[in-house]
Amino acid sequence: MASSTPALKDELDIVIPTIRNLDFLEMWRPFFEPYHLIIVQDGDPSKNIKVPEGFDYELYNRNDINKILGPRASCISFKDSACRCFGYMVSKKKYIYTIDDDCFVAKDPSGADINALEQHIKNLLCPSTPHFFNTLYDPFRDGADFVRGYPFSLREGVPTAVSHGLWLNIPDYDAPTQLVKPLERNTRYVDMVLTIPKGTLFPMCGMNLAFDRELIGPAMYFGLMGDGQPIGRYDDMWAGWCCKVICDHLGLGIKTGLPYIYHSKASNPFVNLKKEYLGIFWQEDIIPFFQSHSFSKDCTSVQKCYVELSKQVKEKLGKVNPYFVKLADAMVTWIEAWDMLNPSSKDSAKLPNGSSK
């Protein structure tokens, strides 16, 4: 990683959703400037978003989304950071890193700046171990290995599809937790990466996230949120639940832990509560749905898994609220739009080595 050429320079896009000028990029310049940025502008498309000089970028607003996707643009959320997934769709790179515009460079315990992108790349380029937990966490890190009793047949690991990073300062809390802990800040830097075990769900946060677009991209849909929808702030979690069950089925891994970013702004807990309150009720049905879900043997690609999952969302979660019928239809529209813009990726993500579950 110490070479003069940045890792994966021509294979990775950075996706940023925003409603404001991107002055925060100045702090990230040493790390981001060599890479291509895809900026998805939320809100008023007539507003001029300023990007600092020197960055290679393309910027899309709502008018662009409507023009490119036509009727299928209905699957992209409006006035919500879930619009970022449009950037995943139009990218032509193998890897994606996405970050929010209120996330700054964090410092490690020695005081050195953390190159979050570099650590995400390390995570994505080494295997995951979802089938058996290693008590020294990631056995592929320098200074670690598989512990006594770890089956040798599982030590090769599986491809890593998602790298989920964490945050210092403002934790990623829901509104009720924000309200009872308004002054709490995360100051703990834990030098750890681990694989989330197979069969275990997790709450994915989209503000410091990287993934292998070729392996899991079509499942990285942040749902219908924001303007015109009854729910918000569940976009990244919905994508995380969908990705996790699909990764478990296809034999892929998800890592969480390092790297940290510095999350600078706490959003308004009362505004958040208005967006989240239905989700807080609904997740008591959503989580068991994903925990009990299984795919048919015909689901040999991400797209096939996702379409089958959408049918189950409509059938089972549609009984919870009509919103999920609308969401299920949007999931299918998303896959249609993905395949329209990425025809060569259709059904390309097969089970590793042609194996089956």
Kindly say whether [Y] contributes a backbone atom to a donor-acceptor pair with the side chain of [X] at under 3.5 angstrom?
X	Y	value
His249	Cys299	yes
His263	Ile170	yes
Asp64	Asn61	yes
Thr98	Val15	yes
Arg213	Met89	yes
Asn134	Val147	yes
Tyr221	Cys75	yes
Trp334	Pro218	yes
Asp248	Gly199	yes
His120	Pro259	no

Is any side-chain heavy atom of [X] less than 4.5 Å from a side-chain heavy atom of [Y]?
X	Y	value
Val190	Tyr260	yes
Leu194	Thr256	yes
Ile196	Pro130	no
Met220	Met204	yes
Thr129	Pro139	yes
Trp167	Cys205	yes
Phe290	Leu309	yes
Ile39	Leu22	yes

Shared ILVMFWY cluster between [X] and [Y], side chains joined below 4.5 angstrom?
X	Y	answer
Ile261	Tyr189	yes
Tyr173	Val271	no
Val332	Met340	no
Val105	Ile99	yes

Give a yes or no on this: more than 12 heavy atoms of other residues, nucleotides or ligands lie within 6.0 Å of atom [atom1] of [X].
X	atom1	value
Tyr137	OH	no
Tyr277	OH	no
Lys92	NZ	yes
Lys79	NZ	no

Discussion item. My understanding is that only one of Asn123, Thr160, Asp138 makes a side-chain hydrogen bond (donor to acceptor under 3.5 Å, both in side chains) with Ser128; could you say which?
Written reply: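 Going through Asn123, Thr160, Asp138 one by one, the side-chain hydrogen bond (donor to acceptor under 3.5 Å, both in side chains) with Ser128 is satisfied by Thr160 alone.
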
Q. Of Asp42, Asp100, Thr18, which meets side-chain hydrogen bond (donor to acceptor under 3.5 Å, both in side chains) against Arg84?
A.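 Running side-chain hydrogen bond (donor to acceptor under 3.5 Å, both in side chains) over Asp42, Asp100, Thr18 with Arg84 returns exactly one hit, Asp100.
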
Practice problem: Would you check if there is a donor-acceptor pair between the side chains of Glu308 and Ser296 at a distance under 3.5 Å? | Solution: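 Their side chains do contain a donor-acceptor pair, which is all the 3.5 Å distance test asks for.
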
Regarding Gln119 and Asn115, is there a side-chain donor-to-acceptor distance under 3.5 Å anywhere?
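Side chains of Gln119 and Asn115: no pair found under 3.5 Å.
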
Worksheet item: With a 4.0 Å cut-off, would you call Arg233 and Glu276 a salt bridge?
Response: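 Counted as a salt bridge, because a side-chain N and a carboxylate O are separated by less than 4.0 Å.
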
message: Centre-to-centre under 6.0 Å for Phe324 and Trp282, is that the case here?
response: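 Aromatic pair counts; centres sit under 6.0 Å.
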
Report task. Measure centre to centre between the rings of Phe140 and Phe146, then say whether the value is under 6.0 Å. Result ->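 Between Phe146 and Phe140, which both carry aromatic rings, the centre distance is below 6.0 Å.
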
Would you call the rings of [X] and [Y] parallel, tilted or perpendicular, where under 30° means parallel and over 60° means perpendicular?
X	Y	value
Phe289	His293	tilted
Phe132	Tyr150	perpendicular
Trp241	Tyr234	tilted

Checklist entry - Under the criterion ring-ring contact (aromatic ring centres under 6.0 Å, His included), which of Tyr95, Tyr60, Tyr97, Phe222 is the partner of Tyr88? => result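 When Tyr95, Tyr60, Tyr97, Phe222 are each tested with Tyr88, the ring-ring contact (aromatic ring centres under 6.0 Å, His included) holds only for Phe222.
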
